[in-house]
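This one's a predicted model, so the numbers in the text were calculated from it and none came from an experiment. Along the sequence shown, residues carry numbers from 1.
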Amino acid sequence: MSLSDQSRWNEKYANSSVSDDALPDEWLSRQVAGMASGRALDLACGLGHNAIWLAQQNWTVDAVDVSAVGLSLADQRAETLGCRAIRWIAADLDDFSPASATYDLVAVFRFLDRQRVPRLIVETLLPGGILVYETFLRAQMTREGNQLHSISFTLESGELPKLFPELTVLAYEEVERHDRSVARLSARKPL
């Protein structure tokens with residue numbers, strides 16, 4: 001990601017208001033239901049709603065985003081909610097290198113980097129660890145109100161599981177939601 005991307009996200013978040021709740025993405029809450037808590041990594045966490053929710057479910061969370069402004073707002077919301085089990089990390093995912101075999105769970109929502117992120121995820125998951133991923137399908141580009149700037153930030157039908165051949169697919173679906181067209185993957189790293 002370039003400095004212009006970082007500036008763009010900082011500007012976007014500078015004009016954002018943050019609610020006091022921390023409702024997670026529905027795909028995350030559904031896939032995590034019944035799992036024992038552990039260590040989680042939330043990549044491209046934005047304003048931190050998934051990271052905060054995971055911490056409220058007793059997960060220890062590392063939440064990474066390129067925008068220091070977004071992370072500051074997320075930290076303020078977490079503080080308001082009494083959530084302290086989150087480490088906010090300002091980092092470009094092009095350069096971010098967490099320790100191998102560290103996380104029981106990796107969550108990614110509305111972000112796509114086919115080149116680096118799949119390998120990073122597989123390396124950072126512990127054996128038996130779970131990936132929960134949701135991002136845009138090509139159909140998003142034709143939706144009214146679409147804010148994506150490039151088709152390269154979208155997936156072809158059936159593409160998401162193919163980015164993770166080392167993982168065992170637990171669930172996969174493609175969904176037309178009221179506000180977006182997405183592919184959803186839940187997958188486990190073999191023991």
Engineer: Any idea which heavy atoms bring A63 and I86 closest together, and the distance?
Structural biologist: CB-CG2, 4.1 Å
Engineer: Which pair of non-hydrogen atoms, one from W53 and one from S29, has the smallest distance, and what is that distance?
Structural biologist: CH2-CA, 3.6 Å
Engineer: Is the closest side-chain heavy-atom distance between R110 and Q140 below 4.5 Å?
Structural biologist: no
Engineer: So do the side chains of W27 and V175 get within less than 4.5 Å of each other, counting heavy atoms only?
Structural biologist: no
Engineer: Return the minimal non-hydrogen interatomic distance between E134 and R180, and the atom names on each side.
Structural biologist: OE2-NE, 3.5 Å
Engineer: Just how far is it from atom CG of L47 to atom CG of D75, taken to the nearest 0.5 Å?
Structural biologist: 12.0 Å
Engineer: Closest approach of W59 and A85, non-hydrogen atoms and distance?
Structural biologist: O-CB, 3.7 Å
Engineer: Roughly how far, to the nearest 0.5 Å, is CG of L167 from OH of Y133?
Structural biologist: 12.0 Å
Engineer: Is the closest side-chain donor-acceptor distance between T168 and R188 under 3.5 Å?
Structural biologist: no
Engineer: What residue among L105, L41, T60 forms side chain to side chain contact (heavy atoms under 4.5 Å, CB included) with L54?
Structural biologist: L105
Engineer: Which value, rounded to the nearest 0.5 Å, describes the distance between R77 atom CZ and C83 atom SG?
Structural biologist: 10.0 Å
Engineer: Please walk me through it: do C45 and N50 pass side-chain contact (heavy atoms from CB on, under 4.5 Å)?
Structural biologist: CA-CA 7 Å; C45 70; N50 286 327; over 6 Å; no
Engineer: What's the spacing between S186 OG and L170 CG if we round to 0.5 Å?
Structural biologist: 4.5 Å
Engineer: Who passes salt bridge (Lys or Arg N to Asp or Glu O under 4.0 Å) against E174, sequence neighbours left out?
Structural biologist: none
Engineer: For the hydrophobic clusters of this structure (ILVMFWY residues joined by side-chain heavy atoms under 4.5 Å, transitively), does one cluster hold both L126 and V117?
Structural biologist: no
Engineer: Write down the atom of S150, the atom of M141, and the distance for their closest heavy-atom approach.
Structural biologist: C-CE, 3.8 Å
Engineer: Would you say the side-chain atoms of S72 pair up with the backbone N or O of A68, donor to acceptor, closer than 3.5 Å?
Structural biologist: no
Engineer: Are the charged groups of E159 and R114 less than 4.0 angstrom apart, N to O?
Structural biologist: yes
Engineer: Do the non-hydrogen side-chain atoms of V132 and F109 ever get within less than 4.5 Å of each other?
Structural biologist: yes
Engineer: Donor-acceptor pair, R116 side chain versus L93 backbone, under 3.5 Å?
Structural biologist: yes
Engineer: Quick one: closest heavy-atom pair of A91 and F96, and the distance?
Structural biologist: CB-CD1, 4.0 Å
Engineer: Begin from the C-alpha positions of L155 and L163 and carry the test side-chain contact (heavy atoms from CB on, under 4.5 Å) through to its verdict.
Structural biologist: CA-CA 10 Å; L155 295 163; L163 296 177; 4.1 Å; yes
Engineer: Rounded to the nearest 0.5 Å, how far apart are CZ of F111 and CG of D42?
Structural biologist: 12.0 Å
Engineer: Does N146 reach the side chain of F136, with side-chain heavy atoms less than 4.5 Å apart?
Structural biologist: no
Engineer: Can a salt bridge be assigned to the pair R39 and D104 using a cut-off of 4.0 Å between side-chain N and carboxylate O?
Structural biologist: no
Engineer: Are the side chains of L112 and T154 in touch, meaning some heavy atoms are under 4.5 Å apart?
Structural biologist: no
Engineer: side-chain contact (heavy atoms from CB on, under 4.5 Å) between E156 and K162: does it pass, once the steps are laid out?
Structural biologist: CA-CA 11 Å; E156 292 181 24; K162 294 175 185 174; over 6 Å; no
Engineer: Less than 4.0 Å between a side-chain N and a carboxylate O, is that true for E173 and R30?
Structural biologist: yes
Engineer: Side-chain contact, heavy-atom cut-off 4.5 Å: M35 with Q57?
Structural biologist: no
Engineer: For the residue pair Y103 and D62, establish whether any side-chain heavy-atom pair is separated by less than 4.5 Å.
Structural biologist: yes
Engineer: Can you find a pair of side-chain heavy atoms, one from I121 and one from L43, that are under 4.5 Å apart?
Structural biologist: yes
Engineer: T135 and V108: side-chain contact (heavy atoms from CB on, under 4.5 Å), yes or no, with the steps?
Structural biologist: CA-CA 8 Å; T135 199; V108 185; over 6 Å; no
Engineer: First locate atom OG of S37, then atom CD of Q56, and finally report the distance between them rounded to the nearest 0.5 Å.
Structural biologist: 13.5 Å
